[in-house]
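Notes follow the structure.
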Amino acid sequence: MSVPEGELETPDALLRRIYDEDFGFLPTNSSMKPVHVANGMARRLVGFNTDHLPLARVLRQRVMKQKAGYMEERNPNSAILHDYPERFRDGYGNAPNDEDLTAFRSLAKDTLGADGAVFETNQASFTLSHHRMITGDISDNGSGDLVAALLTAGDQIRPAPGAAIVRDLLKEDADPWTMIGWPMLDVGDQREATLTGAALVRSGRVANLLATDAAGMLVSPTLRELRARYDQLADYEAAYGAKLTALRRMTLFGCFAIHVHMIRRCGDVVPDGPRPPILLDLFDGRRRSLREASAASLQRGFRAIEQLVLHRIREHVRTVATVGDEEKVGEYLDSLPESTDNDLVRAEYEAQLVGVGRDPGDALAEAFWKMGYSGVGPKSVKGFPWHALLALGRRSGYLLPEDDRGRGGKEHKRYGPNAEFAEVLVAATVAPGEPVDFDEFLDHLRDSFGIIVGRRVDFDIIRNNDLRRGALMQRSVSVNENDLRANLLAFKNLIIDIGLAKSYADGRTVVTTDEGIA
């Protein structure tokens, strides 16, 4: 067996292809932020971006010199007034004094750079409120493109309310955030947002993932359900939401949709694949059994991602190492050209092969997996494929430290909803004018997202850590049933407190998105 060098696929290249084909973006960036997702989504929906440097210069008056440990004035007021003399004058042609301009720039930075993603480089994203704030920043690693594709799938056949509301809101300029940035919004040149490089390659790879049927519905069961919930949220925001709130919630739901898509992808692709639940902890980690069970459900999601990736790698190994009807892993490895990367793969394969009865193909798949995420390729590709989920979930508010004392570490998180996230869940699952009983609402959450909070009917799901009824138990999760009952009551009270449910004297609780609950 001889493998031509031009046909080789290194472990990091293989992983990148798998990420593109199954997840739709590169999920290894542990610094990814919701503003990156919003910027990428808006860029794809609107179709252009703007030269952000003039606005970025106004926002970044001082820059931290990390090694020296002090703030350097990079763009003094005098330079801003010199370069943009007409932008800050009053009706009489007077320039602002130094104190007032400094105060304005500080306010603008706190508002438009709230997520700490504004730089004078190509990687800059603003707190988005207007289409002229869209930049060419690719820090979203394609996640914004994925959300935009989710919102627009089948739009030539059926309505796309989510895409429409985002486009319409970004055209409006009568809001505080846009007014703050207004002096600089029309300074930069607009450019068409064309796909290049990795994004162009990815656009071809995600075709199967985003495939639609004759009715314009997504073929992927998870993505199809997420699109339905996204459309319902968009309808709610169009009816009741203010501009800035609507944009924020559309972004928040996009981040959560990415999370649900990734952890459920294995169940969509692999026969009898896992269906990880999302156990919300309503007690801020104060009840140990809830905290640990919620963290276990998150880890189950990460293991499902790993299982899918290994499944895809195993398919690749079976393809490249099969001669006739026989898999010849050793001969395939021997045929690889001499290189540092290939030597590392061979060494890792030998380490994985240790053990009685270990299948060579499985050992090579493990070697490709480990070398791909940790040892081969550029830094941007390295890392576990759930790093982006941790970053987005933490900043979006639905992933919290496993230990409420802050000792959980970056990867040790649990699920926990804040009030805004709970409102988004209601708006995405309960249509205006169609109130539902609380128990039916919980059924919607479980069926749409895998969210559970502690009903008796879900006890086995929590213990098995799998939404599939009768699923083979991988590891039993221990949780106090009294804690689960208290968790259920706390979630009900949260929905009532935010004004989207009401309990009646007969014990019935109704969830609704209509204003003025009767």
Side-chain angles (χ1 to χ4, degrees), residues 31-43 46 48-66 68-140 144 166 169-193 243-245 247-248 251 395:
S31 299
M32 193 177 295
K33 303 174 182 179
V35 292
H36 296 145
V37 177
N39 187 72
M41 172 185 66
R43 182 172 59 240
V46 174
F48 62 80
N49 55 269
T50 302
D51 178 12
H52 66 279
L53 184 59
L55 180 57
R57 287 187 60 199
V58 172
L59 300 189
R60 291 183 66 82
Q61 181 173 356
R62 295 178 176 85
V63 179
M64 171 62 74
K65 302 287 287 185
Q66 297 290 346
Y70 67 90
M71 299 291 290
E72 176 189 57
E73 189 170 25
R74 180 77 56 82
N75 295 295
N77 289 337
S78 58
I80 296 299
L81 293 175
H82 177 271
D83 293 342
Y84 312 109
E86 303 301 323
R87 296 291 161 170
F88 298 96
R89 295 186 186 278
D90 61 19
Y92 301 98
N94 300 313
N97 62 50
D98 193 69
E99 183 178 351
D100 288 344
L101 184 54
T102 296
F104 168 77
R105 296 177 69 183
S106 177
L107 172 64
K109 182 181 179 182
D110 290 343
T111 303
L112 302 182
D115 220 350
V118 175
F119 304 98
E120 294 178 67
T121 65
N122 291 331
Q123 294 181 315
S125 292
F126 300 105
T127 308
L128 199 62
S129 64
H130 192 268
H131 63 79
R132 290 197 65 92
M133 294 180 185
I134 302 171
T135 74
D137 187 4
I138 58 172
S139 298
D140 65 303
V166 172
L169 291 176
L170 290 177
K171 294 177 183 177
E172 298 177 6
D173 52 31
D175 66 88
W177 292 355
T178 303
M179 292 303 294
I180 288 176
W182 193 253
M184 306 304 297
L185 288 189
D186 65 342
V187 177
D189 295 330
Q190 287 188 337
R191 296 181 287 256
E192 185 177 355
K243 173 185 176 179
L244 299 181
T245 301
L247 285 173
R248 185 172 68 250
T251 299
R395 291 182 171 92

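If you read the sequence from its start, that first residue is 1, and numbering goes on from there. What you are looking at is a predicted structure, and each value in this text was computed from that prediction instead of being measured.
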TODO: Quick one: do Met133 and Thr50 satisfy side-chain contact (heavy atoms from CB on, under 4.5 Å)? Show the steps, please.
DONE: CA-CA 7 Å; Met133 294 180 185; Thr50 302; over 6 Å; no
TODO: Run the salt-bridge test on Arg43 and Asp140 with the 4.0 Å N-O cut-off and return the result as yes or no.
DONE: yes
- [ ] Could you verify whether a donor N or O on one side chain and an acceptor N or O on the other, from Thr127 and Asp115, lie under 3.5 Å apart?
- [x] no
Task: Nearest heavy atoms of Leu59 and Phe126, plus distance in Å - done: CD1-CE2, 3.6 Å
Open item on the list: I'd like to know if the side chain of Arg132 reaches the main chain of Leu185, judged simply by a donor and an acceptor atom lying under 3.5 Å from each other, with no hydrogens or angles considered.
Closed with: yes
Task: Atom pair NE2/CG of His52 and Asp189 - distance to nearest 0.5 Å - done: 13.0 Å
Task: Check: Asp98 main-chain N/O paired with Thr102 side-chain donor or acceptor under 3.5 Å - done: yes
Task: Short side-chain donor-acceptor distance under 3.5 Å, Asp137 and Ser125 - done: yes
Open item on the list: Nearest 0.5 Å, please: how far is CZ in Phe48 from CD in Glu192?
Closed with: 10.5 Å
TODO: Decide yes or no for Leu128 and Met41: does some side-chain heavy atom of the first lie under 4.5 Å from some side-chain heavy atom of the second?
DONE: no
Task: Beyond-backbone contact of Thr251 with Leu247, side-chain heavy atoms, under 4.5 angstrom - done: no
Open item on the list: Test your reading of the model: is there a side-chain donor-acceptor pair from Asn39 to the backbone of Thr135, 3.5 Å cut-off?
Closed with: yes
- [ ] Say whether, by atom type as modelled, one donor and one acceptor occur between the side chain of Lys243 and the main chain of Glu172 under 3.5 angstrom.
- [x] yes
Open item on the list: How about CD on Glu99, more than 12 heavy atoms from neighbouring residues, nucleotides or ligands closer than 6.0 Å, or not?
Closed with: no
TODO: Take Val118 and Lys109 through the test side-chain contact (heavy atoms from CB on, under 4.5 Å) and record every step on the way to the result.
DONE: CA-CA 8 Å; Val118 175; Lys109 182 181 179 182; over 6 Å; no
- [ ] List the steps, then state whether side-chain contact (heavy atoms from CB on, under 4.5 Å) holds for Glu73 with Gln61.
- [x] CA-CA 6 Å; Glu73 189 170 25; Gln61 181 173 356; 3.1 Å; yes
Task: Donor + acceptor pair across side chains of Asn75, Arg105 (<3.5 Å) - done: no
Task: Under 3.5 Å: donor-acceptor pair, side chain of Arg395, backbone of Met32 - done: yes
Show which side-chain atoms of residues 176-184 pair as donor or acceptor with protein atoms under 3.5 Å away, not counting sequence neighbours.
residue : atom : partner : partner atom : Å
Thr178  : OG1  : Ser129  : OG           : 2.8
Thr178  : OG1  : Asp175  : OD1          : 3.1
Thr178  : OG1  : Asp175  : OD2          : 2.7

Open item on the list: Nearest 0.5 Å, please: how far is CG in Leu53 from CZ in Phe119?
Closed with: 14.0 Å
Task: Lys171 (side chain) donor-acceptor with Val166 (main chain) under 3.5 angstrom - done: no
Open item on the list: If I take atom CD1 from residue Ile134 and atom CG from residue Leu170, how far apart are they, to the nearest 0.5 angstrom?
Closed with: 5.5 Å
Open item on the list: Can you list everything that forms a ring-ring contact (aromatic ring centres under 6.0 Å, His included) with Tyr84? Sequence neighbours excluded, please.
Closed with: none
- [ ] Go through the structure and list residues passing side-chain contact (heavy atoms from CB on, under 4.5 Å) with Pro96, not counting sequence neighbours.
- [x] Leu81, Phe88, Leu101
Task: Evaluation steps, side-chain contact (heavy atoms from CB on, under 4.5 Å), between Arg57 and Glu120 - done: CA-CA 7 Å; Arg57 287 187 60 199; Glu120 294 178 67; 3.4 Å; yes
